[in-house]
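For reference, the structure discussed in these notes is given below.
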Amino acid sequence: MTGSQRRRSPRISTNQPVKLRFRGDKATVGGCLTDLGWGGAYVRCSTPVEIGRQLACGFELDSNGTRHVIRAAAEVVWVAAGDVRRTRGPGFGVRFVATPPEVIELLKRAVSALAE
């Protein structure tokens with residue numbers, strides 16, 4: 001089963017800057033969301049991570065002409081290797097966790113609108 005078959009939410013391609021703060025770290029790290037859905041994202045980032053690492057993500061999202069600041073807790077669920085690393089760049093896939101319902105609804109609306 002491929003990653004797209006396991007996903008519960010549609011994805012959009014994007015090139016959205018994201019700020020990351022890993023649990024236990026004080027400093028933030030910059031990255032780029034290149035694939036985004038309401039349930040998770042691919043984060044292009046050269047910071048080495050391991051599966052299961054907890055982090056906070058912060059990024060802006062446009063929905064119907066309005067900019068929203070999204071803050072979401074996430075967990076690293078896979079790390080790019082081999083062909084994925086060559087085609088997408090270094091990074092990792094995250095699953096959004098404990099996301100407030102209003103943030104999920106905003107992500108759903110934005111992703112649906114951009115996927116059309």
Side-chain angles (χ1 to χ4, degrees):
M1 186 180 311
T2 67
S4 61
Q5 292 169 323
R6 286 190 301 261
R7 289 189 186 121
R8 296 179 296 156
S9 66
R11 296 288 184 112
I12 56 166
S13 293
T14 186
N15 193 20
Q16 181 66 43
V18 61
K19 291 194 186 274
L20 313 167
R21 188 173 60 237
F22 293 95
R23 183 173 284 168
D25 293 352
K26 291 182 181 179
T28 59
V29 174
C32 184
L33 300 177
T34 61
D35 183 64
L36 176 65
W38 61 264
Y42 181 77
V43 180
R44 190 173 58 228
C45 180
S46 58
T47 300
V49 297
E50 55 281 337
I51 292 172
R53 185 97 191 255
Q54 302 288 310
L55 64 145
C57 303
F59 57 96
E60 290 185 1
L61 186 64
D62 185 40
S63 178
N64 296 325
T66 303
R67 284 305 256 185
H68 299 274
V69 175
I70 304 295
R71 301 216 187 287
E75 176 182 13
V76 176
V77 291
W78 63 277
V79 177
D83 289 341
V84 172
R85 190 174 176 89
R86 280 192 289 280
T87 58
R88 291 188 180 192
F92 46 91
V94 298
R95 175 176 54 93
F96 298 135
V97 297
T99 308
E102 62 273 11
V103 173
I104 291 174
E105 284 305 313
L106 177 60
L107 286 167
K108 282 181 180 180
R109 284 194 313 270
V111 168
S112 293
L114 293 170
E116 294 177 349

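Values reported hereafter were calculated over all heavy atoms of this structure, with side chains retained and with hydrogens, waters and symmetry mates removed. Nothing here was measured: the structure is a model prediction, and the numbers come from that model.
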*Pairs in or reaching into residues 46-66: which pass ring-ring contact (aromatic ring centres under 6.0 Å, His included), with residues at least two apart or in two chains?*
none
*Taking side-chain contact (heavy atoms from CB on, under 4.5 Å) as the test, write out the residues that go with Lys108, two or more places apart.*
Trp38, Ile104, Glu105
*Can you tell me how far the CD atom of Glu102 sits from the NE2 atom of His68, to the nearest 0.5 Å?*
12.0 Å
*Pro90 and Tyr42: which non-hydrogen atoms are nearest, and at how many Å?*
C-OH, 3.5 Å
*Who are the ring-ring contact (aromatic ring centres under 6.0 Å, His included) partners of Phe92, not counting sequence neighbours?*
none
*Only counting residues at least two apart or in another chain, list the ones meeting side chain to side chain donor-acceptor pair (under 3.5 Å) with Glu60.*
Arg67
*Check whether any side-chain heavy atom of Val103 lies under 4.5 Å from a side-chain heavy atom of Phe96, and answer yes or no.*
no
*Only counting residues at least two apart or in another chain, list the ones meeting side chain to side chain donor-acceptor pair (under 3.5 Å) with Gln16.*
none
_Under the rule for side-chain contact (heavy atoms from CB on, under 4.5 Å), what residues qualify as partners of Pro17, not counting sequence neighbours?_
none
_Heavy-atom pair of closest approach, residues Asp25 and Arg53_ = OD2-NH2, 3.2 Å
*asked:* Just so I know, are the side chains of Arg44 and Asn15 near enough to count as touching, which here means a heavy-atom distance under 4.5 Å?
replied: yes
*asked:* Please give me the minimum heavy-atom distance between Cys45 and Gly31, naming the atom from each residue.
replied: CB-CA, 4.4 Å
_For Ile51, side-chain contact (heavy atoms from CB on, under 4.5 Å) partners two or more places apart_ = Val79
*Listed by chain and number, what are the side-chain contact (heavy atoms from CB on, under 4.5 Å) partners of Val77, not counting sequence neighbours?*
Arg95
*Provide the closest heavy-atom pair for Leu55 versus Leu20 in the form atom of the first, atom of the second, distance.*
CD1-CD2, 3.7 Å
*Scan Leu33, Val94, Thr34, Leu36 and name whichever one has a side chain to side chain contact (heavy atoms under 4.5 Å, CB included) with Val18.*
Leu33
*Atom pair OG1/CG of Thr66 and Leu106 - distance to nearest 0.5 Å*: 9.5 Å
